[in-house]
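What follows is a set of notes on a single structure, which appears directly below.
Positions are given from 1 along the sequence.
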Amino acid sequence: MKIIMLGAPGAGKGTQAKMIADRYGVPHVSTGDIFRANIKNETALGMEAKQYMDKGLLVPDELTVKILLDRVAQEDCRNGYVLDGFPRTIPQAEVLDEALAAQGERIDYAIDVDVPDENIVRRMGGRRACLSCGATYHIEHVPPKKEGVCDVCGQPLVLRDDDKPETVQNRLNVYHEQTQPLIDFYRKKGVLKTVDGTQDMNDVFAAITAVLDA
Ligand code: ADP
Ligand code: AMP
């Protein structure tokens with residue numbers, strides 16, 4: 001099962017992708033997590049990506065596509081995966097399609113988690129992330145057991161640099177200009193499924209499993 005999560009930054013793609021990965025036994029592949037791990041480890045890739053991420057801009061396609069294709073070529077992705085944060089541009093989607101077509105494969109579902117911009121701004125300010133293990137919380141909706149500490153690995157939680165209000169609006173503009181056109185791209189391919197992402201996260205997940213189990 002090959003799934004793409006679409007939606008604005010903060011729509012809940014990562015939250016739902018992790019739940020899908022657990023339930024269907026496929027890896028959760030997040031380009032944002034891969035970049036953040038590289039930033040934490042101070043790799044050359046991380047240093048380059050950070051320049052764009054901190055401004056709320058997209059990392060250039062050449063860099064991002066290579067990382068993603070390397071990742072999905074790994075053994076654990078053989079039976080499928082759930083992509084979170086990739087593709088974010090039409091050229092990225094086209095490269096992925098071509099790479100899959102070369103192996104006689106295709107994307108099965110593109111799930112658009114639909115959330116209006118007003119809700120996004122509120123969600124991002126409350127998001128707290130663990131940069132060690134990638135777990136995500138929300139100070140009101142999904143609080144950790146102990147404030148400021150990751151339930152999974154005990155490391156401190158942070159407000160991501162790119163979740164600061166001045167960057168969120170930039171990320172939303174970039175989303176509308178460069179990523180939203182993917183909704184039509186996948187609709188034309190007949191694989192688009194839209195779910196109402198303003199619901200409680202368990203209700204969003206129920207809507208997604210209804211699609212995947214149909
Ligand atoms: P994305 O991966 O699309 O950027 P996340 O999954 O990280 O988004 O979610 C953004 C923030 O909103 C996080 O703090 C998360 O805990 C919270 N969140 C996710 N889904 C919901 C929901 N259905 N209702 C309320 N808050 C949510
Ligand atoms: P995310 O964790 O998905 O919100 O991604 C955080 C940031 O990483 C984005 O704002 C971009 O700067 C960068 N990024 C992640 N995925 C991609 C992608 N597919 N293309 C370009 N930039 C990306």
#### Entry: Cluster check Ile139, Leu131: I/L/V/M/F/W/Y, side chain < 4.5 angstrom
no
### Glu147 atom CD: more than 12 heavy-atom contacts under 6.0 Å
no
### Message
For Pro27, is there any backbone N or O sitting under 3.5 Å from a side-chain donor or acceptor partner on Asp76?
### Response
no
### Query
Would Leu45 and Phe35 count as a side chain to side chain contact (heavy atoms under 4.5 Å, CB included) if you check the C-alpha gap in whole Å, the side-chain angles of each, and the deciding distance to 0.1 Å?
CA-CA 8 Å; Leu45 165 69; Phe35 288 136; 4.1 Å; yes
### Task
Could you verify whether a donor N or O on one side chain and an acceptor N or O on the other, from Asp117 and His176, lie under 3.5 Å apart?
yes
### Query
When you look at Gln155 and Val149, which way does the side chain to side chain contact (heavy atoms under 4.5 Å, CB included) test go after all the steps?
CA-CA 6 Å; Gln155 293 298 305; Val149 178; over 6 Å; no
### Message
Between the side chains of Asp151 and Lys146, is the shortest nitrogen-to-carboxylate-oxygen separation below 4.0 Å, so that they form an ion pair?
### Response
no
### Query
Is there a donor-acceptor pair under 3.5 Å between the side chain of Gln16 and the backbone N or O of Gly12?
no
### Query
Cluster question for you: counting only ILVMFWY and a side-chain heavy-atom cut-off of under 4.5 Å, with indirect links fine, are Val65 and Ile4 together?
yes
### Message
When you compare the side chain of Asp22 with that of His28, does any pair of heavy atoms fall below 4.5 Å?
### Response
no
### Message
Working to the nearest 0.5 angstrom, can you tell me the gap between Ile3 CD1 and Tyr24 OH?
### Response
7.5 Å
#### Entry: Minimum-distance pair of heavy atoms, taken over all atoms of Lys2 and Arg106
CD-O, 3.8 Å
### Query
From His138 NE2 over to Arg122 CZ, what is the distance, rounded to the nearest 0.5 angstrom?
9.0 Å
### Query
Roughly how far, to the nearest 0.5 Å, is the CG atom of Asn38 from the CD1 atom of Ile67?
6.5 Å
### Message
Taking Ala37's backbone N and O only, do any of them form a donor-acceptor pair with Asn41's side chain (distance below 3.5 Å, no angle check)?
### Response
yes
### Query
Got a salt bridge between Asp97 and Lys189, using NZ or NE/NH1/NH2 to carboxylate O under 4.0 Å?
yes
### Query
Do Thr167 and Asp162 have a side chain donor and acceptor closer than 3.5 Å?
no
### Test salt bridge (Lys or Arg N to Asp or Glu O under 4.0 Å) applied to Asp161 and Lys50, step by step
CA-CA 10 Å; Asp161 285 340; Lys50 185 170 166 41; 3.8 Å; yes
### Message
If you compare all heavy atoms of Ala93 against all heavy atoms of Pro87, which two are closest, and at what distance to 0.1 Å?
### Response
N-CB, 3.6 Å
### Task
Measure across Met5 and Ile208 and return the closest heavy-atom pair with its distance rounded to 0.1 Å.
CE-CD1, 4.2 Å
### Message
Before you tell me yes or no, could you show the steps for Cys150 and Ser132 under side chain to side chain contact (heavy atoms under 4.5 Å, CB included), namely the whole-Å CA-CA distance, both residues' side-chain angles and the distance that decides it to 0.1 Å?
### Response
CA-CA 9 Å; Cys150 180; Ser132 262; over 6 Å; no
#### Entry: Non-hydrogen atoms of Val204 and Val195 that approach each other most closely
CG1-CG2, 4.1 Å
### Message
I'd like to check Leu58 versus Val174 (side-chain heavy atoms, cut-off strictly below 4.5 Å). Are they in contact?
### Response
yes
### Message
Less than 4.0 angstrom from a charged side-chain N to a carboxylate O is my criterion; do Arg23 and Asp213 meet it?
### Response
yes
## Note on the structure
So CD1 of Ile120 and CZ of Arg123: to nearest 0.5 Å the spacing works out to 6.0 Å
### Query
Is the shortest side-chain N to carboxylate O distance from Lys18 to Asp84 below 4.0 Å?
no
### Message
Could you check whether any side-chain N or O of Thr194 sits under 3.5 Å from a backbone N or O of Asp112, counting only pairs where one atom can act as donor and the other as acceptor?
### Response
no
### Message
Once rounded to the nearest 0.5 Å, what's the spacing between atom OG1 of Thr64 and atom CG of Leu69?
### Response
10.5 Å
### Message
Within the structure provided, determine whether Val59 and Arg88 are in side-chain contact (heavy-atom separation under 4.5 Å).
### Response
no
### Task
Kindly compute the distance separating CG (Leu6) from CG (Leu83), expressed to the nearest 0.5 Å.
10.0 Å
### Query
Can you find a side-chain donor-acceptor pair between Asp196 and Thr198 that sits under 3.5 Å?
yes
### Message
Tell me whether the count of non-hydrogen atoms from other residues, nucleotides or ligands lying under 6.0 Å of CD in Glu42 goes above 12.
### Response
no
### Query
Are Leu68 and Val29 side-chain neighbours, meaning at least one heavy-atom pair lies under 4.5 Å?
yes
### Task
Consider only side-chain heavy atoms of I, L, V, M, F, W and Y, link residues closer than 4.5 Å, and tell whether Phe185 and Ile183 are in one cluster.
yes
### Query
Can you find a side-chain donor-acceptor pair between Asn173 and Glu177 that sits under 3.5 Å?
no
### Heavy-atom pair with the smallest gap, counting every atom of Cys130 and Cys133
SG-N, 3.4 Å
### Nearest non-hydrogen partners of Val152 and Tyr137, listed with the distance
N-OH, 3.7 Å
### Query
After noting the C-alpha distance and the side-chain angles of Val211 and Tyr109, does the key distance pass the side chain to side chain contact (heavy atoms under 4.5 Å, CB included) rule?
CA-CA 9 Å; Val211 166; Tyr109 300 99; 4.0 Å; yes
### Task
May I ask whether Leu57 and Val168 are part of the same hydrophobic cluster, defined by side-chain heavy atoms of I, L, V, M, F, W, Y residues being less than 4.5 angstrom apart, directly or through others?
no
### Message
Hydrophobic clustering (ILVMFWY, side-chain heavy atoms < 4.5 Å, transitive) - are Leu182 and Val72 grouped together?
### Response
yes
### Reference residue Arg160; test side chain to side chain contact (heavy atoms under 4.5 Å, CB included); the match among Met124, Arg127, Arg128, Met53
Arg127
